[in-house]
Number of protein chains: 2
Amino acid sequence: MSRVEPDLSALAFSRHDHDRCTATALHQAEAQAARDGLRLTPVRRRALEILLEAHRAMGAYEVLDRLAAEGFGRQPPVAYRALDFLVSHGLAHRIQRLNAYVACLHPAEPHAPVFLICRACEAVAEAPGARVRAALEAGAAAVGFTVERASVEAVGLCPTCSAAG
Amino acid sequence: MSRVEPDLSALAFSRHDHDRCTATALHQAEAQAARDGLRLTPVRRRALEILLEAHRAMGAYEVLDRLAAEGFGRQPPVAYRALDFLVSHGLAHRIQRLNAYVACLHPAEPHAPVFLICRACEAVAEAPGARVRAALEAGAAAVGFTVERASVEAVGLCPTCSAAG
DNA sequence: GCTTGACTGTTACGATATAACACATGATAT
DNA sequence: ATATCATGTGTTATATCGTAACAGTCAAGC
Ligand SMILES: [Zn+2]
Ligand SMILES: [Zn+2]
Ligand SMILES: [Zn+2]
Ligand SMILES: [Zn+2]
């Protein structure tokens with residue numbers, strides 16, 4: 001059974017039904033957890049929900065404050081562990097430039113994302129990175145380097161903020 | 001007048017005349033400083049030399065320790081300011097993944113580098129990034145995003161460590 | 001000589017991240 | 001049933017990375 005998937009690559013930059021957007025992402029996370037035997041515990045699930053609320057990167061301490069306010073632990077490891085879990089299972093990504101984390105909108109499909117970070121509104125979108133990765137791998141292979149992981153992060157202006165001047 | 005330039009893209013991964021390698025980079029830095037009216041003061045120059053000693057990224061505090069041992073200030077801003085100067089004038093680059101800095105081997109030519117980081121020997125090489133950038137810009141443009149700055153960093157194995165298993 | 005601006009140094013603090021340990025809980029294994 | 005074990009959650013304490021704010025130096029320009 002197949003279905004037409006909406007293009008999520010610039011969703012963060014455009015007006016959209018965000019309730020549906022987060023519900024879908026959460027549902028996919030649950031499906032993946034069930035399939036792979038992951039334990040999407042209350043803290044972990046709530047951390048993901050918090051990241052999903054806005055299409056921007058949040059620092060660990062920002063997430064921690066939210067978790068603490070809701071009755072979870074209030075010490076750094078609480079947030080770091082939940083975030084590490086999400087990242088290690090592809091449910092969130094770490095933005096190196098910002099020392100921050102962003103929810104993944106399509107954890108199901110394997111992907112090597114490129115992050116587009118708007119410096120004005122702070123929105124972070126995940127763009128398809130296949131071409132970029134291919135170019136990167138080719139360049140690396142030319143000098144005998146084997147790429148295992150890569151981070152590609154661009155800072156600039158999203159369409160909305162660009163139009164606003 | 002033109003001259004054949006050696007390919008520096010994988011220099012960090014191969015055996016080479018490193019004294020000559022650092023001397024050249026330092027000479028280029030001095031030339032650039034003279035041309036652009038930059039003040040390559042003792043701390044700044046020494047910080048660059050320290051980064052040039054090894055083809056790897058060094059943390060600010062690591063550089064600071066070295067500077068302090070040589071009679072410069074021993075407080076964090078001393079290192080951060082010198083490193084910020086080097087980075088802002090293209091004489092060094094910041095590696096986001098590592099919260100660390102690496103000397104640039106060819107500051108003269110404008111470039112949008114891709115960093116190849118060996119997880120085994122920690123060497124960091126700067127590979128040509130034109131193709132990667134082009135792909136990145138194209139992908140961003142497709143969703144209306146304007147790229148202003150980008151960081152592309154790959155972690156993996158360099159040819160030497162790869163051969164060593 | 002005096003002002004000005006860039007540079008270097010300091011103290012003090014803020015922000016980010018991890019080590020190490022105590023306890024709970026649920027799944028085996030005896 | 002109860003001992004054992006693995007995983008997860010919470011804690012305290014500490015490590016690592018980064019910056020704000022201010023004081024002193026020194027050379028350039030008036
Ligand atoms: Zn949304
Ligand atoms: Zn924006
Ligand atoms: Zn060298
Ligand atoms: Zn290596």
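By convention in this document, chain letters (A, B, ...) are assigned in the order of the sequence lines, proteins followed by strands, and residues within each chain are numbered from 1.
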Query raised in the report: Within the pair Asn99(B) and dT16(C), is there a side-chain N or O less than 4.0 Å away from OP1 or OP2?
Result: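 Negative; the distance criterion is not met.
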Report task. Specify whether Phe145(B) and Phe13(A) have parallel, tilted or perpendicular ring planes, treating 30° as the upper limit for parallel and 60° as the lower limit for perpendicular. Result ->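 Parallel: the ring planes of Phe145(B) and Phe13(A) meet at under 30°.
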Requested in this report: For the residue pair Phe85(B) and His89(B), categorise the inter-ring angle as parallel (less than 30°), tilted (30 to 60°) or perpendicular (more than 60°).
Outcome: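 It falls in the tilted class, 30° to 60°.
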Requested in this report: Looking at every strand, decide which applies to Arg94(A) at a 4.0 Å heavy-atom threshold: base, sugar-phosphate, or nothing.
Outcome: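 The residue Arg94(A) makes sugar-phosphate contact but no base contact.
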Report task. Work out which heavy atom in Leu52(B) is nearest to a heavy atom in Ala25(B); give both atom names and the distance. Result ->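 So the two residues come closest at CD2-CB, 3.7 Å.
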Query raised in the report: Do Cys21(A) and Leu11(A) touch side chain to side chain, with heavy atoms closer than 4.5 Å?
Result: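 The answer is yes; the side chains approach within 4.5 Å.
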Please determine, for the side chain of [X], which listed nucleotide ([options]) has the closest atom?
X: Arg81(A); options: dT10(C), dC7(C), dT9(D); value: dT9(D)
X: Arg39(B); options: dT12(D), dC7(C), dA20(D); value: dC7(C)
X: Tyr80(B); options: dG18(D), dT10(C), dT8(C); value: dG18(D)
X: Pro76(B); options: dA17(C), dT19(D), dT11(D); value: dT19(D)
X: Val43(B); options: dA19(C), dT8(C), dA17(C); value: dT8(C)
X: Arg44(A); options: dT9(D), dA12(C), dT12(D); value: dT9(D)

Within this structure, what is the [atom1]-to-[atom2] distance between [X] and [N], rounded to whole angstrom?
X: Leu64(A); N: dA17(C); atom1: CG; atom2: C1'; value: 12 Å
X: Leu67(A); N: dT11(D); atom1: CG; atom2: P; value: 12 Å
X: Leu40(B); N: dA6(C); atom1: CG; atom2: P; value: 18 Å
X: Gln96(A); N: dT16(C); atom1: CD; atom2: P; value: 14 Å
X: Phe72(B); N: dC7(C); atom1: CZ; atom2: P; value: 15 Å
X: Gln75(B); N: dA20(D); atom1: CD; atom2: C1'; value: 14 Å
X: Asp84(B); N: dA6(C); atom1: CG; atom2: C1'; value: 15 Å
X: Leu83(B); N: dT19(D); atom1: CG; atom2: P; value: 11 Å

Query raised in the report: So how far is it from His93(A) NE2 to Leu51(A) CG, rounded to the nearest 0.5 Å?
Result: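 Those atoms lie 11.0 Å apart.
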Query raised in the report: Any chain of hydrophobic side-chain contacts (each under 4.5 Å) joining Met58(B) to Leu83(B)?
Result: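 Per the 4.5 Å side-chain linkage, Met58(B) and Leu83(B) are co-clustered.
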Requested in this report: Determine whether Ile95(A) and Leu157(A) fall in the same hydrophobic cluster, where Ile, Leu, Val, Met, Phe, Trp and Tyr are linked whenever their side-chain heavy atoms lie under 4.5 Å apart.
Outcome: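 No, because Ile95(A) and Leu157(A) fall into different hydrophobic clusters, even though each may have its own neighbours under 4.5 Å.
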Requested in this report: Return yes if some donor-acceptor pair links the side-chain N/O of Arg149(B) with the main-chain N/O of Glu153(A) below 3.5 Å, else return no.
Outcome: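 No: the side chain of Arg149(B) does not pair with the backbone of Glu153(A).
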Query raised in the report: Do the side chain of Tyr61(B) and the base of dA15(D) come within less than 3.5 angstrom through a donor-acceptor pair of N or O atoms?
Result: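 For Tyr61(B), whose side chain was compared with the base of dA15(D), there is no donor-acceptor pair (under 3.5 Å).
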Requested in this report: Nearest-nucleotide wise, let me know which of Gly59(B) and Pro77(B) is further upstream toward the 5' end of DNA chain D.
Outcome: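 On the 5' side of the pair lies Gly59(B).
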Query raised in the report: Considering the terminal five base pairs at each end of the helix from dG1(C)-dC30(D) to dT30(C)-dA1(D), what angle separates the two local helix axes, rounded to 10°?
Result: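 For the helix from dG1(C)-dC30(D) to dT30(C)-dA1(D), the axes at either end differ by 10°.
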